[in-house]
Amino acid sequence: GSGPAGFYTAAALIDSGVDISIDIIERLPTPFGLIRGGVAADHQTTKNISKKFEKTALMNQVRFYGNVEIGRDISLAELREMYDAVVLAQGAPVDRVLNIPGAGKAGVFGAAAFVGWYNAHPDFRTLNPDLGVQAAAVIGVGNVAIDIARLLSRSDKGLAVTDLPDYAETAMSGSPIKDVYLFGRRGPVEAKFTNVELREMGNLSECVPQVKAEQLPDGVGDLSDRDKRLKERNLENLRQFSERHPDEKPNRVHFEFFAAPVEILGTDKVEGIRLERTRVEDDRAVGSGEFFNVACGLVVSAIGYRGTPLDGAPFDESRGIIPNDDGRVDDGLYAAGWIKRGPSGVISTNRPDGVTAAEHILNDH
Ligand code: NAP
């Protein structure tokens with residue numbers, strides 16, 4: 001895999017100064033994994049990290065083999081015979097399944113597919129979602145959900161500085177979407193988005209965030225000092241959002257907390273979503289028995305990603321990862337990044353994974 005975890009591992013091995021030769025093997029013809037296929041098209045500064053990876057790719061010790069799929073073109077067992085060490089860094093490429101009635105209707109997409117579509121990922125470029133709708137729902141309140149909501153609610157002007165492929169820019173800038181709903185099954189304190197990403201929602205030129213003041217608690221509760229600071233900042237932003245006027249801008253993003261999706265409504269195509277009001281008990285969302293519907297013509301489920309099994313490697317089905325001991329999987333076999341620890345953290349979170357995998361390799365050989 002040639003995403004951040006793969007490249008950070010290669011860089012750490014090179015930095016060690018040992019005489020080493022590294023082949024980076026990638027299923028797609030192109031490198032950089034989620035930097036190319038996952039980071040939002042309007043976050044170009046984040047994508048700049050690929051320039052650093054490119055430097056690693058161009059080192060004499062490194063070769064890139066694109067369009068080579070393990071299990072199709074070569075087996076893991078063959079690789080393990082050919083190399084002293086094999087690092088599994090293939091990430092978590094598929095969506096966690098939205099397991100509610102109606103989830104199979106036309107107009108319902110997983111975030112991996114939807115984000116892949118607007119990033120021209122070869123697996124998803126033909127997804128062709130119908131954006132000719134007035135309202136869209138995004139399930140989940142993590143950073144992926146925020147990315148999708150932000151892009152759906154930007155207009156021509158905001159989309160101009162992206163690397164969207166032409167087909168996605170045409171679909172998005174021509175879309176009549178006015179209202180995007182973000183549904184969190186728990187409360188604002190439990191939401192997974194980070195502060196920079198949340199704050200950005202308040203500074204868009206074409207879209208105003210909407211929050212129900214009555215859904216915001218007075219305090220963040222019993223947390224570590226660090227978490228407390230971060231969550232208080234989020235709450236402060238959400239409080240400011242709750243005072244914004246819905247007609248300030250042409251489009252709106254509605255943050256709706258304590259709302260668990262229970263059914264996608266419509267005949268063949270999605271026409272709305274049914275949700276149950278929740279409260280949080282012992283950190284979990286508990287249904288209240290009170291339901292409500294929101295009309296929308298598009299649903300994107302951004303409820304997290306999952307790794308997939310690889311022939312010849314163990315797999316933890318419940319966590320969607322390759323079981324490992326701090327990056328060690330087996331003799332000469334290592335794991336780094338999301339396939340090692342699950343789909344969380346930012347790009348640089350993969351750096352220590354790469355450093356650890358490199359340390360194991362250097363110690364073992
Ligand atoms: P995430 O942060 O784990 O968020 C997943 C969201 O889905 C949570 O709000 C979760 O709620 C909700 N959810 C899960 N199962 C659900 C269900 N069955 N019904 C309703 N809601 C459900 O995952 P992500 O947004 O995919 O992001 C993955 C990682 O990439 C994160 O670490 C993220 O920060 C990172 N990322 C960073 C950036 C950036 O830095 N700009 C951009 C994109 C992604 P619960 O909390 O209740 O489970």
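Whatever order the structure lists ligands and atoms in, that order sets their numbers, starting from 1. Any value given below was found using the heavy atoms of this structure, including those in side chains, with hydrogens, waters and symmetry copies removed.
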Return yes if a side-chain donor-acceptor contact under 3.5 Å exists between Thr356 and Asp326, otherwise no. no

Donor + acceptor pair across side chains of His43, Glu200 (<3.5 Å): yes

Residue by residue, ordered by chain and number, which ones reach under 4.0 Å of ligand 1 with a heavy atom? Arg96, Ile139, Gly140, Val141, Gly142, Asn143, Val144, Asp147, Arg185, Arg186, Lys192, Glu197, Pro261, Ala302, Ile303, Gly304, Trp338, Pro343, Ser344, Gly345, Val346

Just by distance, no angles: are the side chains of Asn119 and Lys47 close enough, under 3.5 Å, to form a donor-acceptor pair? yes

Any side-chain donor-acceptor pair under 3.5 Å between Asp163 and Gln44? yes

I'd like to know whether the aromatic ring centres of Phe183 and Phe257 sit less than 6.0 Å apart in this structure. no

Answer yes if the side chains of Gln215 and Glu256 hold a donor-acceptor pair under 3.5 Å, and no otherwise. yes

